[in-house]
Protein chains: 2
Amino acid sequence: MSDQLSSTFAALADPTRRAILARLAEGEATVNELAEPFEMSLPAISKHLKVLERAGLISRGRNAQWRPCQLEAAPLAEAADWVETYRRFWDTSFDRLDAHLRSLQDQNIQRED
Amino acid sequence: MSDQLSSTFAALADPTRRAILARLAEGEATVNELAEPFEMSLPAISKHLKVLERAGLISRGRNAQWRPCQLEAAPLAEAADWVETYRRFWDTSFDRLDAHLRSLQDQNIQRED
DNA sequence: TGGTTAATTAACTAGTTGGTGAACTATAGG
DNA sequence: CCTATAGTTCACCAACTAGTTAATTAACCA
């Protein structure tokens, strides 16, 4: 379970961690600021942040005794890519996208000629 | 961890389960067919399938002594929606969209004056 | 120097996960 | 009825997860 996709999905599987990411989407925050909405001890939040950091979903700076956290969305791009490959199984409009992609591919093939 | 999004992400966090979904994207398969590529006991696969089923990612039919599995992508749509809300943090072309939205908002503010 | 605030680390616990082998259920077919 | 095939359930185990409280580290401030 050490590949990037696995640790990303594992990190996202916890609602507290998703809420932390949602908060960070509004901008940097300190650990105490992130902990504030939760009825949970600070060490528990610290652990969640470590999970997010090891999954590459956040980075942490340093400002005096504060350790501001910042969203790092790159792993989400990979997760989105993975999920997108299944879009045709739920999105009926995929037919149009699929046709569009195939026509693009056709154009590339023509250029290669 | 019992909400839909959590159980979906938790199910996707295991590479064996993601591989099973990839196989099912090619069409229905029995448990033994799904187990074949893995160096893992049948009960282990059975457990993975149960996780996928409880997350709503697969459904199971009945055909004599076979229990054919089928991909059910609806939960993936929800997961995709969630991830998409973060697209602007990795997709640079979102900057243009974001700027566009902000300029629209500015126009609205001006109208309110 | 000593006190306060911010955050992490340590030690522990309860519950979950991912795997095993052995036993069991269910259906098909001679 | 017996046997083979398909799959699940059971009992167990090791590793991991998510939380706790208490102790520790780090930086600021008076």
Side-chain angles (χ1 to χ4, degrees), chain A residues 1-24 27-71 75, chain B residues 1-24 27-71 75:
Chain A
M1 211 260 281
S2 64
D3 61 301
Q4 180 57 57
L5 220 35
S6 293
S7 62
T8 302
F9 283 134
L12 299 182
D14 187 285
T16 301
R17 289 194 289 262
R18 289 200 305 278
I20 288 173
L21 293 180
R23 167 63 188 80
L24 290 176
E28 267 196 4
T30 67
V31 177
N32 270 288
E33 283 167 355
L34 292 172
E36 198 275 326
F38 304 102
E39 290 183 346
M40 199 180 293
S41 67
L42 215 47
I45 298 295
S46 206
K47 282 189 179 185
H48 281 306
L49 292 176
K50 194 176 284 182
V51 172
L52 290 169
E53 190 176 25
R54 302 196 75 188
L57 286 162
I58 66 169
S59 62
R60 292 150 118 169
R62 196 137 225 215
N63 182 4
Q65 69 265 57
W66 293 275
R67 238 130 304 182
C69 297
Q70 197 180 349
L71 183 61
Chain B
M1 212 261 281
S2 65
D3 61 302
Q4 180 57 58
L5 219 35
S6 293
S7 63
T8 302
F9 283 134
L12 299 182
D14 187 285
T16 301
R17 288 194 291 263
R18 288 199 306 277
I20 288 173
L21 293 180
R23 166 64 188 80
L24 290 176
E28 265 195 6
T30 68
V31 177
N32 270 286
E33 284 167 353
L34 292 173
E36 198 274 328
F38 303 103
E39 290 184 345
M40 200 181 292
S41 68
L42 215 47
I45 298 295
S46 206
K47 280 190 179 184
H48 282 306
L49 293 176
K50 193 176 283 181
V51 172
L52 289 169
E53 190 175 26
R54 302 196 75 189
L57 286 162
I58 66 170
S59 62
R60 292 150 117 169
R62 197 139 223 213
N63 182 5
Q65 69 265 56
W66 293 275
R67 237 130 304 184
C69 297
Q70 199 180 348
L71 182 62

Rounded to whole Å, please give me the gap between [atom1] in [X] and [atom2] in [N].
X     : N      : atom1 : atom2 : value
B:W66 : C:dA28 : CH2   : C1'   : 7 Å
A:F9  : C:dG18 : CZ    : P     : 15 Å
B:L12 : C:dG18 : CG    : P     : 12 Å
B:E53 : D:dT8  : CD    : C1'   : 12 Å
B:D14 : D:dA15 : CG    : P     : 18 Å
A:L49 : C:dA7  : CG    : P     : 10 Å

Worksheet item: Between A:P68 and A:N63, what is the shortest heavy-atom contact and its length?
Response: CD-N, 4.0 Å
Worksheet item: A:R23 and A:A29: which non-hydrogen atoms are nearest, and at how many Å?
Response: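 So the minimum-distance heavy-atom pair works out to NH2-CB, 3.4 Å.
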Discussion item. Taking only side-chain N and O atoms of B:N32, does any of them lie within less than 4.0 angstrom of OP1 or OP2 on D:dT5?
Written reply: no
Discussion item. It should be established whether A:K50 places a side-chain nitrogen or oxygen under 4.0 Å from OP1 or OP2 of nucleotide C:dA7.
Written reply: no
Worksheet item: Would B:R67 and B:R62 count as a side chain to side chain contact (heavy atoms under 4.5 Å, CB included) if you check the C-alpha gap in whole Å, the side-chain angles of each, and the deciding distance to 0.1 Å?
Response: CA-CA 5 Å; B:R67 237 130 304 184; B:R62 197 139 223 213; 2.9 Å; yes
Worksheet entry | Of the listed nucleotides C:dT9, D:dG7, D:dC28, the one nearest the side chain of A:Q65 | D:dC28
Worksheet item: Any idea which of C:dA7, D:dA6, C:dT27 is nearest the A:R67 side chain?
Response: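 Between C:dA7, D:dA6, C:dT27, the one nearest the side chain of A:R67 would be C:dA7.
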Point-to-point distance, once rounded to the nearest 0.5 Å, from [atom1] of [X] to [atom2] of [Y]:
X     : Y     : atom1 : atom2 : answer
B:K47 : B:D14 : NZ    : CG    : 12.5 Å
B:L57 : B:L12 : CG    : CG    : 6.0 Å
A:R17 : B:S6  : CZ    : OG    : 9.5 Å

Fill in: Whether B:E33 side chain and B:T30 backbone form a donor-acceptor pair below 3.5 Å
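Looks like yes, one N/O pair under 3.5 Å.
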Worksheet item: Can you check whether B:C69 reaches B:L24 side chain to side chain, under 4.5 Å on heavy atoms?
Response: yes
Worksheet item: Salt bridge check: are B:D3 and A:R18 linked by an N-O gap of less than 4.0 Å?
Response: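 Yes, this pair counts.
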Item to complete: Could you check whether A:T16 gets within reach of a base, just the sugar-phosphate, or nothing at all, counting any heavy atom under 4.0 Å?
Response: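 If one applies the 4.0 Å heavy-atom cut-off, A:T16 turns out to touch nothing in the nucleic acid.
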Discussion item. For DNA chain D, which residues of residues 54-62 of chain B approach it to below 4.0 angstrom with any heavy atom?
Written reply: B:R60
Discussion item. Give the residues of residues 35-48 of chain A touching DNA chain D, defined as any heavy atom closer than 4.0 Å, sorted by residue number.
Written reply: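 When residues 35-48 of chain A is checked for heavy atoms under 4.0 Å from DNA chain D, the hits, listed by number, are A:M40, A:S41, A:P43, A:A44, A:K47, A:H48.
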